[in-house]
Each structure stands twice: as C-alpha cells, then as structure tokens.
Number of protein chains: 2
Amino acid sequence: MVKEKLNKLRIMMLENGIDIYYIPTDDFHASEYVGEYFKSRQFISGFTGSAGKVLVTADEAFLWTDGRYFLQAEKELRDSSIQLMKMGEKGVPTIEEFLEKRLKSGGCLGFDGRVVATSFIENLLKNLKDVDIKYDRDFIDDIWNNRPPLSKEEAYLLDEKYSGESSESKIKKIREEMSKEGADYHVITSLDDIAWILNIRGNDVLCNPVVLSYLVISMDKIFFFANKEALLKVKPDNVEIRDYEDVYSFVKNLDKNSKILLDKDTVNYAIYKNIPQDALIINKVNPSTYLKAVKNPIEVKNMKEAHIKDGVAVTKLMHYIKINAGITEMSELSLVDVLESYRKEQKNYLGPSFEPIVSWGDHGAIVHYSPDEKSNATLTTGSFLLADTGGQYLEGTTDITRTIAVGSVSKKMKRDFTLVLCGNLELAAAKFKYGCVGANLDYLARGPLWEYGMDYNHGTGHGVGYLLNVHEGPNSFRWKVTKDTKHCVFEEGMITSDEPGLYITGEYGIRCENLMVCKTTGENEYGKFMEFETLTMVPFDLDAVDTAYMTDRQVALLNDYHKKVYENISPYLNEEEKDWLKEATRPIEK
Amino acid sequence: MVKEKLNKLRIMMLENGIDIYYIPTDDFHASEYVGEYFKSRQFISGFTGSAGKVLVTADEAFLWTDGRYFLQAEKELRDSSIQLMKMGEKGVPTIEEFLEKRLKSGGCLGFDGRVVATSFIENLLKNLKDVDIKYDRDFIDDIWNNRPPLSKEEAYLLDEKYSGESSESKIKKIREEMSKEGADYHVITSLDDIAWILNIRGNDVLCNPVVLSYLVISMDKIFFFANKEALLKVKPDNVEIRDYEDVYSFVKNLDKNSKILLDKDTVNYAIYKNIPQDALIINKVNPSTYLKAVKNPIEVKNMKEAHIKDGVAVTKLMHYIKINAGITEMSELSLVDVLESYRKEQKNYLGPSFEPIVSWGDHGAIVHYSPDEKSNATLTTGSFLLADTGGQYLEGTTDITRTIAVGSVSKKMKRDFTLVLCGNLELAAAKFKYGCVGANLDYLARGPLWEYGMDYNHGTGHGVGYLLNVHEGPNSFRWKVTKDTKHCVFEEGMITSDEPGLYITGEYGIRCENLMVCKTTGENEYGKFMEFETLTMVPFDLDAVDTAYMTDRQVALLNDYHKKVYENISPYLNEEEKDWLKEATRPIEK
C-alpha cells in the first residue's frame, strides 16, 4: 500500500525532475496540531504519530521522528520500505544534514511550499549550493484519493464580555506597531493570531478553536481570507472577506515597493515567494503574539471563572477516583469520559483544550501518552494516575495536571511526588523584579529535584491562549540558555503553566501543573516587583505527600493553596464531595 | 591649571585638524585598573575618580562619569570649565550619542589608539558617517610634564607547585584552539591572560600582579613584548623577548595573508590598525580566558589554603572589632591597617588584591567607597562596619566581605542583614545540572530580598583569578538577560564570588561575600550535576541575625557553614580568639 503510493510519487518526481521530495506534518499555518486534510505524511508513510517528516528519493524513503514514537514507527513502517531515522540518536543525521549530503549540485528538492515555514527553507538553502527547488505543487494531492476535505466548520464571534477588547482596538495597536516599523502591510498566517485579532473562533483544528484563514492588514484595510461556508453567520466588522486560497494571488499583486511585516517562522514559503521580489520584508514576530499573551483585566477575570468551573470538574474526578479505587473498575478511557461528563456539567464548556493525557502506572512515564482503545489500561492499586487535561470555555482555556495515588504508594513514590510538588509550589511563590525571564525562575521548579540528582526532560511552563491554543508563546519557563534563545520578560497579565514532573520509565510518571497569571505587586525605589497568582483550583493529593522532603515554607505554601482551593471549589460540590474536599485540603504539619 | 592644559591641547587639535579629542581612563591593555602613567584623564581634567571619560572640543570640554562620582566630580571640576555629564541621568547623552550629534560630516575625532578597544571604535564609526579619525598620537603626552614613567616592576615566575600547569602545556592547549580556528597567529594584550599563559607575575598594576606586556603566539613561536628591565631575573622558556613597544611594528610586518585570532574587546585600536589590511581577523574571546577560569586541581587545593590563611586574618579582625568596640578608638583606616597586619602574618602573603573597602555606617551604602585620610570615619556604635577586602597569596587570590554589627543594631538592620545572608546561603547551596549559567542561579541570592521588595544594584558574583585579577570573567552571577548577554556555563574548577548586598543611603550598607568553587557531584541518567564549595572561611556575624527571617533550611545551612569555619580556622588562633570563634560559630535555632 505504502510502496504503491511511493511509486506513484516517484513517477511524478521523475516527470518533474525532482530528486528528493519532502513531506512534513504541517498545515499552511505552522499550527502545532493539524486537521485531517493536512495529514500528508501519515497518508504517504502509514505512520500515525503526531510528529514526523518524510523524505522520498528515487529509490529510498526515510521517516524522521523523535523518541516518543520509535517503537510505534518501527511497527507501522514494517513492509513500507521507509527507513526510520531516529532523531537525536547518535549517527543519525538531521534532515538538513541528510539533504546536504544527498542533494548534489544541480539536484532538485520538491515540496509543497504551503506546508513549510519560510525560515526553514531559507536556512536549508543557505547550505545547499546550486540546488534547485520546486515548491509550487502538492504532489501528494495528486495521488491521495478520497482525501478528507479542508475543514470549514462554522465560525462565531467572541463577545467583548469574553474577549475584553474590540477587534478595532486590537487592530489599532497592531497598526501602531506597523507604523513604528514603517510597514505598509502585515501578513498574518498563524491561526491563533488571526482568531485573537478578529475576536473570532471556529473549530477547524482539533481542540484549537481557530478558523482556517489568512489575514492581511494595511493601514486602512483588513483582508480576511477564509472559506465563505465557515462565515455564514459571522461577518467581522470593517473586514473585506476573500476566498481562503486567494491570499496567494493577493500578495502577488501587492505593490512592488511595499514594506511588508511578516514572521518568517510562521508565514509559509509559497506566500513568501509570491510577494513581489522588490518588496521590503520586515521579518518580525507578529505584534499580536505579544499583545495576546498579555491578558486584559476582563480576560483575567474570566480565566479565574473558567478555572473554578474546571477545578470543580477535576476535583470531582479526584473524588470519583478516590472513592471508587479498588471497588469500581476504572480504566484510563473510562476516566477520560467521567472527567468529560463533569466538564460538560459546567456552563459555557466547549470541549477539551487538547487530547486528554490520562495515564495509569508505567504509562505515566511516557510523557506524550494518550490512551486509545488499544493501549487503554485498567487501574489496579499501588501506583499513580497522571491526568493532564484541559478545557475550552467561553471564559478561557485551562490546562491542569494532577497525579493521584490509587491505593497506597511506596515511600520512594511519595518522595518523588513531594519533590515535584515542592518545585511547583516554589515557582508559584516566586517574587521577582520586573525584567525577569523564564530562565531566571526555572530553577525554582527544578531545584528540589536537582538536589536529589533528578530532572525532567521538558520545559517547566508554556504560555496559554484565551479560548485559543493551549500552547502559545512567547512566555515560558525554560532553564537552558543558548545564544539563539528568545527571552520573554514576564508582563502583568501573562498566563503561564507551572508543571515540573518526574518520569520513571516502566514504573510511573508524576507531573503537578497549575496555570498562573503574572501580576505587579508594587513599585518602589528598588524597581517594580511581580508575582504569580495561581488560577488552577484543585487539591494536590496529600496521600502522596511525605513532609520529610518539604521545608516549613513549602508546607505553609501548600496549606495556603489548599485553603484557597476549598474556599473556591466547595460551594459547587455536593455534601459528600465537600466533606471529601475538606479532608483533601486539610492543613498538614511537618 | 586645567584650563591651561585644555588650551595647550586645543592648540594641538587645531594644528592637526582635530575637532574633538577623546581621553578615556584606560591603559594599552583594557585593564580594569591602570598604572599612574595611564591616568591621562585625571591629568587633563583634575577629576581623580576611578571611572570617567573626557571629550574636548574647540571651545568646550565634557566629563562623563557614573553615579558613584557625581558629587566628587562636581567638586573637582569646579573652575575647570569642564562640564559634568552624569551618566544614566535623564537627558544626558552617551558619548556615542554626543559624538553622533557633534561630529559633522568631514569632522575629525582624535584619540590615542592604544588606549581604546578596537570594538569600541568600530561600533562608534558605524554610526559616524564621513568622519575622519586620528589615532596615532598621544597628544596628552606632549603637554604632560613630569609624566610618571611606565611601570617596569620586576617580574617573577610562578612555580608549577602554585600554578599547577606548565606554560608549555597551556600554550599547547591554546595552539589547539588556534588550529581549530585556522589561525596562524594569536595576538594577546590582556595582562591577566599573558601572566596566566607564561606563569609569570609582576607588579605593574596596583593590586593586580601582572606585567605590562603583549604576547603573540604562532604555531611554532612565542613572542613576548615586555620591558627588559622587568625581566632581569626571569626568562620564560621558549619565548622570544622583544621590547614592549615593538609589538606595533611586529604586527605591521605580519604576512598579509595571515589569519589572526584576537579579541576586539581587549586588543587596542592601534594594534588592530597596524595589522596588514588583507589579514583575516578571527574575532574571538582569547582561549586563555576560558582556560584560566577553570582552575586546575592544584590551583583549587592552593586556593583552599589561601582562604584558610585569609580566613584567619579576617576572623582576627572580627574578633578585634568585637572586643574593642566602645573601648578602643577605631577608624576605617585603622582597621585597614589592622587587617593588613593580620594578613602580613600569613606566609606567602603578597599584598591586597584590591583597594580595601572598609566603610562605617552610611559610608557602607556607597558601594565603591574606599576610605582615605579625608573621608576616614571613626567608629561609634549601633551601625554596621562593612569590610570588602582581599589578599594576594602565592596560593591564590581572595575576596571577602563581612558586615559586622558594632554595638547593638536595630531590628530593621537585623532583618536586612539576615535577608542578605540568606541570599548568600541559598546561592551557595545550589545543586544544579551542568549547563546552568549565572542567569539561572542569580535568583537564589536575590529571592529573600525580592520577597520584601528590596534589591541591590550590582551583580551577585564575578570570577576571580589565581594570584591574578580579583575580577576575571567569563563566569558570573547576573540576572538581567539581553540579546547581547554572553552566558558562561559553570564548569568544574571555576571560582566565583557570591555577594548579595543591600544599601540604605545615608544609613548603612550590607554585603555578605564568599568565594565558591564549582564542583561536579556526579552523573546519572538525568545528566551531570554540580554544586559549589565555599572557599571563604570567616563567620557571619550572628549579632546581626534575626532567625525570624530565616527558614529552617537556611538556619541549617548557616550552622553547617559555621561548623566548617570553626574546624578550619580555630587551629590557627590563640586561646582567647578560639573561645570567641567558638561562640561566634555556635549553632543557632529558629
């Protein structure tokens, strides 16, 4: 099956003088998650993992994927003739290195220019001398029968009581930035930016309430390129609506002396190449990326509300697990359903903000695990259930991880849980001067684990959108600093996750995740001071805590947090749940 | 007097077609401290502060200096006709901005090319279009009668039992780096690098045991440009000795196709311009800067010894102050003498490693204060004595600050002292993964102060040389991150100061400073882990501690440290001092 598809592709490559064809896992918008229409790499290779890139040559084919997917890829690529390139393993070249070696002078690389970022191709071409590229045709489309259509889900406008700011006001700010840069046009292709700017939401990417579209802003006009079927009930004010595909001809016809602000890391290569060659490109992060990261007071107020609703649902799940452990059969998937039903009880709940990670025991150590019918595990006792889930509400987006002891857990497991928890509490309690970036504060979350010679192999925190993508920059917590690191100063209103973890392969995984909003606490002769306020309101499982690994201060921080959880969540629980929460949030002593 | 000198300078400027003449406070080597010969700025302006730059135009003159010196400069510049430019104050242009505005197209800037770094001039010229420069003559020399001669103090070789590595071995490593960069020559002008490479020490800069010299390394030769009088008793092996000034003609005669490794931040502009234009310049930090920052095991062992000797001296000073407070008259300068006498009792003590900062009461709030006959304050009681001093020993360089309560101090003073102390203890106790840089760890030192909305306006720590400069990069603790920040990963063997502080203008200053060496603690599946070992061995003043502001952990850290201080220092004290130290290092409880 795969071999047949590869053969069809190779015939076209031959006809078009292409030596190597490149098929990534991206849509036209550099989205983190992509719709069914865009799963070309899965179509051509049979590999269903969320990350992977394929290169096809005249007689070979290769799939690059990362450690999460090595086993799955080996299985799914069997009999495909595609060779697995294990990213990060010794001796395995990167795609760039591979192309440098394989593409001889005069060779030709083919790809669909709409599914690759401009900066990726530009960097690639820097090291490929005298190599030709063909980027203006999607060869996969020619061989993909019954390709799922492009999503055209109905879009809706987000009321200002939720967004807190009109689209006009947002565009005014963007035009101010354009003006500073001397830009005549601003081309935006990232779907979260467009949704935020227009106060529009949709359903074209799983869990991400965005609308497949492009946006071009000039100093006096706004051009919105989207599928008309999606906009039947919606017409953003003062916006000229064009067909989704028309953006390519539109940019081709821009005045050749234009100055165009765009972000080469997100704008696809086909759009970029369609822009007249003489136009001046101002390559910068979209102003809206910074603007939307700083939540306005109404968004913050709403987010707090969303987190109480979400907290009620997740607290109910904890209660459900605790009272049913050892009595009622529970599986990863059944708990996904239970949690979803609790969230659905909440007003203005729209759906999950990402695919739920509910993992029992050793599944918890697989950081990106999501249960499916095949992997679904039944809970026994004596281990951790790790639940990393989130919801989309009209009042905002949530993302929470709780690690729950089912039955009694070992002393070592309690130690590990407690160290992770202490990291979460320490970071949440940071008081810092304005100007701090993630690299200044990340130590707080890792310190307790580092003290014991342990660590987790992921960032400590990411920015979160407002009823938008659960992963949004530019704010984050990361400790590693390189000369290319883009540092983001924490501003009042930024919302960031705080999620240290620990993963013991084959045994269990632990992660404690809350969302926090950054606030200014005051200004004096020493400068402006900031802190975080925790939004997430769900107890941490005291059954897994060993105070021997906590300082007095950490015990006090946990008790303070639990007091707030009880105050905020208990009014929405029945008597039984309320009693349970009282006990689950009791003050502890060292 | 100043006016007369300015007039003489202006006549020469006129004769030579120079519109503005620039006089900084630097030697030919971008040293932090300079010898008497190099104090041209002081000569021309009368301003004696350690930092300042002068620009002279046809009818005006300006001195730029920083906040430390505003009062002093105002006084010293009176009647000089020189205008004070208060750096950092609103509306005050930087020198660069000033020159951009004043130097019209076709104008000419003059300066002695030997006293300015190449990168400074290159950056300046980027923004000065069509401006001419004259850099090949020191006009100050023409008008400076009785100029102090260049220092030619006798140099000596540092035995390998102190340096821990032969010069041959060091040069081999440098040639390996040259080879990686494809360099034929490496031009080195920074005096600490040269002293380290050749295992040579001297006395040409106050407190810095360096030799005025230049070094050029090729793949098979070493050219050492120094004053022959300084080298009467010393001849480094395999080194061709040339006259100090000959470096300029030497680089002029390098093959024009040479590839030359040099650091534009330290190599002066005159040298740089003498290099044939076609030569390829590889602009990088000197390899020796990294190599010497990583102390070898013998250096570390020696440094520990130096710190015990120095600890004995400073502990004796603390004891002296405590028993004499209110009884014997003590002044800042008398205490400088007392401490120096204690240090001189130690074997292999060579002198101070920097000008002692011994400041009583409100003087402590002036961060760069050093007492002189005029400012010398007599101690009373009820305030802090801040003593930031250091020594040069054959076994290494020390740098220590202790803040000592004289008489009883207020509750607020104790709180402030305790918060600073806690920052010192927390940073010293960091356990971290290999890869961490200063920006990852600085929070530990500031956190306790930031929690109370306070801060100090200087870095938390700097690298320290081995019987060399007390300030040496590249390792440091700094929290502010910009895109230009050069981050340095902590390597085993790097020695860094840990010195948080707090300064209450008009009242008192607090600083707690120890030196620490970085060590690897182990490696496992999570990575390589590191920690610091404190070298400095002197008690922190318990009379100024209020445990209400400490966590249990911080109390334990202080007690652990004090236990080590007693163990290491008490064997070298008399019975009275020993009894005192026992009490001064007693375990405390919260």
Side-chain angles (χ1 to χ4, degrees), chain A residues 422 426-427 429-457 477-489 502-505 520-531 550-557 590, chain B residues 422 426-427 429-457 477-489 502-505 520-531 550-557 590:
Chain A
C422 288
E426 289 282 2
L427 178 55
K431 312 258 186 184
F432 54 100
K433 241 173 96 170
Y434 178 78
C436 271
V437 301
N440 293 133
L441 303 177
D442 189 273
Y443 181 90
L444 293 170
R446 286 179 205 269
L449 286 167
W450 281 359
E451 184 136 6
Y452 285 82
M454 300 191 286
D455 193 24
Y456 48 95
N457 195 17
F477 296 110
R478 298 260 181 291
W479 70 274
K480 278 183 194 156
V481 164
T482 69
K483 64 178 171 44
D484 299 322
T485 304
K486 287 181 186 168
H487 295 283
C488 169
V489 168
L502 186 66
Y503 309 94
I504 313 294
T505 308
T520 303
T521 55
E523 198 161 357
N524 60 25
E525 67 269 36
Y526 297 103
K528 187 163 87 169
F529 287 87
M530 321 287 288
E531 66 180 19
M550 302 178 84
T551 62
D552 283 7
R553 173 185 149 89
Q554 289 159 349
V555 169
L557 291 172
K590 204 176 142 69
Chain B
C422 287
E426 289 282 1
L427 178 55
K431 313 259 185 180
F432 54 100
K433 243 173 96 168
Y434 178 77
C436 271
V437 300
N440 295 133
L441 303 178
D442 189 90
Y443 181 90
L444 293 170
R446 287 179 204 267
L449 286 167
W450 281 359
E451 185 134 7
Y452 285 82
M454 299 190 287
D455 193 25
Y456 47 97
N457 194 16
F477 297 109
R478 298 259 181 293
W479 71 273
K480 278 183 194 158
V481 165
T482 70
K483 65 179 172 41
D484 299 323
T485 304
K486 285 181 186 170
H487 296 282
C488 170
V489 168
L502 186 66
Y503 309 95
I504 313 294
T505 308
T520 303
T521 55
E523 197 161 357
N524 60 25
E525 68 268 35
Y526 297 103
K528 188 162 85 168
F529 287 87
M530 320 289 288
E531 65 180 18
M550 302 178 81
T551 63
D552 284 6
R553 172 186 151 90
Q554 289 159 350
V555 169
L557 291 172
K590 203 175 145 68

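In what follows, chains carry the letters A, B, and so on, assigned in the order in which the sequence lines appear, proteins first and then strands, with residues in each chain numbered from 1.
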Between [X] and [Y], which heavy-atom pair has the shortest distance, and what is it?
X	Y	result
G527(A)	K433(A)	CA-CE, 4.3 Å
Y526(A)	Y503(B)	OH-O, 4.1 Å
M550(B)	K590(B)	O-NZ, 2.6 Å
M530(B)	T521(B)	N-OG1, 3.9 Å

Between L444(A), L441(A), T485(A), which has the largest tally of heavy atom pairs under 4.5 Å with chain B?
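If we count pairs closer than 4.5 Å to chain B, L444(A) comes out on top.
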Which residues in residues 445-454 of chain B have a heavy atom less than 4.5 Å from any heavy atom of chain A?
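Listed by number: W450(B), E451(B), G453(B), M454(B).
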Interchain contact, [X] with chain B, by part (heavy-atom threshold 4.5 Å):
X	answer
N440(A)	both
D442(A)	neither
F432(A)	both

Find the distance between OG1 (T482(B)) and NE2 (H487(A)) and round it off to the nearest 0.5 Å.
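Here the rounded value is 8.5 Å.
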Should the heavy atoms of other residues, nucleotides or ligands under 6.0 Å from CG of N524(A) be counted, would the total exceed 12?
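Enclosed.
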Considering only heavy atoms and a distance below 4.5 Å, find which of V437(B), D484(B), V481(B) pairs most often with chain A.
V481(B)
